[in-house]
2 protein chains.
Amino acid sequence: MAKGEQTRSRLLDAFEELVIEHGERAGTLAATAEHAGVSKGGLLYHFGSKDALVQGLAERLEVFGEAEQRRLSSRPDALEVFLRESVAADRPFDRTYLALLKLGQLDEHQAARDALVLLDDYFLAALTDALGDADLAFLALRVSDGIYVRTALGGSDAVPADAVDRILALLTSLPR
Amino acid sequence: MAKGEQTRSRLLDAFEELVIEHGERAGTLAATAEHAGVSKGGLLYHFGSKDALVQGLAERLEVFGEAEQRRLSSRPDALEVFLRESVAADRPFDRTYLALLKLGQLDEHQAARDALVLLDDYFLAALTDALGDADLAFLALRVSDGIYVRTALGGSDAVPADAVDRILALLTSLPR
DNA sequence: GGCTGTTAACCGTCCAGACGGTATAGTTTT
DNA sequence: AAAACTATACCGTCTGGACGGTTAACAGCC
């Protein structure tokens with residue numbers, strides 16, 4: 001990876017982390033730059049504005065999202081994989097998703113909302129394909145969002161580790 | 001209601017509306033005061049700080065929450081009522097919930113998160129009681145959160161009107 | 001019924017600091 | 001040497017909050 005590309009990526013990582021760990025307000029230009037080990041001027045060279053930073057995350061999400069879609073749509077155990085990963089929330093994809101979920105709450109940052117809506121369409125298609133049931137797919141997406149939100153809100157025990165087991169037991173007992 | 005109490009309530013209404021419609025950043029002291037038809041000084045008389053404003057909403061939620069819990073816990077159709085109202089999101093309770101859900105995303109405003117966690121406990125107890133199934137109750141709460149989030153994100157068609165019908169059809173077909 | 005003092009409710013102004021963004025000069029890479 | 005990148009200094013705006021008034025209702029007292 002070219003050096004510039006690497007710095008861009010580091011900046012996005014830093015922005016993500018600040019937003020996730022300390023909320024949108026902590027994701028200032030100065031803080032993001034410092035967290036990435038770059039000066040503020042350096043940040044603004046790569047991302048000409050705060051909005052460009054958000055846009056950068058949105059593009060990241062889309063790249064991740066396409067890969068996720070491909071990966072899930074062919075698996076018979078897509079539901080389980082999908083929900084378990086929602087609870088874990090430890091992959092790069094999850095971090096981008098969580099950050100954009102927070103950013104999208106603000107009036108500015110339409111880009112974040114657009115990216116999230118687009119991703120939802122991707123996932124709905126993938127899960128519908130894998131599960132053969134659009135309603136169940138929709139339900140899974142809403143549960144996943146709900147889990148993400150509680151994770152973002154509460155501390156560690158916001159979503160009990162075994163909760164996903166019990167939810168899966170419930171959902172897989174559904175008539176198909 | 002005493003005049004002071006009325007003004008307090010108007011201020012909370014204004015704060016809620018600004019946060020819900022235009023995001024946390026729009027809920028500034030000046031904007032909230034103006035929206036409520038009060039001067040900034042007047043606002044600060046009733047709520048000594050921005051945090052006190054959030055705390056005011058948190059207390060509102062708790063009052064609402066207790067009433068909701070009582071109302072739901074005895075109904076056999078609690079699941080349907082609960083989910084339908086989550087989608088509609090048009091009662092005063094829903095507005096307070098949505099506002100705190102946005103505020104809770106920010107590092108400051110621990111009060112918002114505390115109130116939301118407490119409410120979750122209330123509802124989990126009420127739904128478990130009404131449904132006789134803690135797992136199904138938990139699932140319903142997560143779905144509800146997911147629906148709230150999508151409502152907050154997307155415009156009008158974020159959550160299709162008939163989605164709740166289909167989800168309910170799915171969930172009520174579960175073995176009990 | 002007037003006079004006085006008290007208090008709740010409210011207003012408008014001011015300020016320090018934080019923030020997003022610009023300008024520009026300097027450095028490294030190719 | 002050009003291009004890519006980085007750092008520093010600075011600017012205008014906005015925000016939360018502090019603060020010193022003002023108004024009106026009310027209570028006690030003579």
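Quick caveat: nothing in here was measured; it's all calculated off a predicted structure. Residue numbering restarts at 1 for every chain, and letters A, B, ... go by the order of the sequence lines.
At a non-hydrogen distance threshold of 4.0 Å, A:Val38, A:Ser39, A:Gly41, A:Gly42, A:Tyr45, A:His46 from residues 38-46 of chain A come into contact with DNA chain D.
Rounded to whole Å, atom C1' of C:dC19 lies 15 Å from atom CG of B:Leu106. Taking atom CD of A:Glu5 as the reference point, atom C1' of C:dT29 lies 16 Å away to the nearest angstrom. Across the protein-nucleic acid pair, A:Glu108 atom CD and D:dC14 atom P stand 14 Å apart, rounded to whole Å. In this structure, A:Leu53 atom CG and C:dG21 atom C1' are separated by 13 Å, rounded to whole Å. Summarising the geometry, the separation between CZ on B:Arg25 and C1' on D:dT15 is reported as 10 Å, rounded to the nearest angstrom. Atom C1' of nucleotide C:dA18 and atom CG of B:Leu29 are separated by 15 Å, given to the nearest angstrom. Protein atom NZ of B:Lys50 is 17 Å distant from nucleotide atom C1' of D:dA18, rounded to whole Å. Rounded to a whole Å, the CG atom of B:Leu18 is 12 Å from the P atom of D:dT15.
Ionic pairing of A:Asp13 and A:Arg60 is present here: one or more N-O contacts between side-chain nitrogen and carboxylate oxygen are shorter than 4.0 angstrom.
Comparing A:Ser49 and B:Arg10 along DNA chain C, the residue whose closest nucleotide (by nearest heavy atom) sits nearer the 5' end is B:Arg10.
Taking all atoms of both residues into account, the shortest heavy-atom contact from B:Leu116 to A:Arg150 is O-NH1, 3.4 Å.
If you look at A:Phe47 and A:Phe15, their ring centroids are not closer than 6.0 Å.
To the nearest 0.5 Å, atoms CG (A:Leu61) and CG (A:Asp114) are separated by 11.5 Å.
For A:Lys102 (side chain) and A:Ile20 (main-chain N/O), a donor-acceptor pair under 3.5 Å exists by modelled atom type. With hydrogens and angles disregarded, a donor-acceptor distance shorter than 3.5 Å links the side chain of B:Arg113 to the backbone of B:Asp107.
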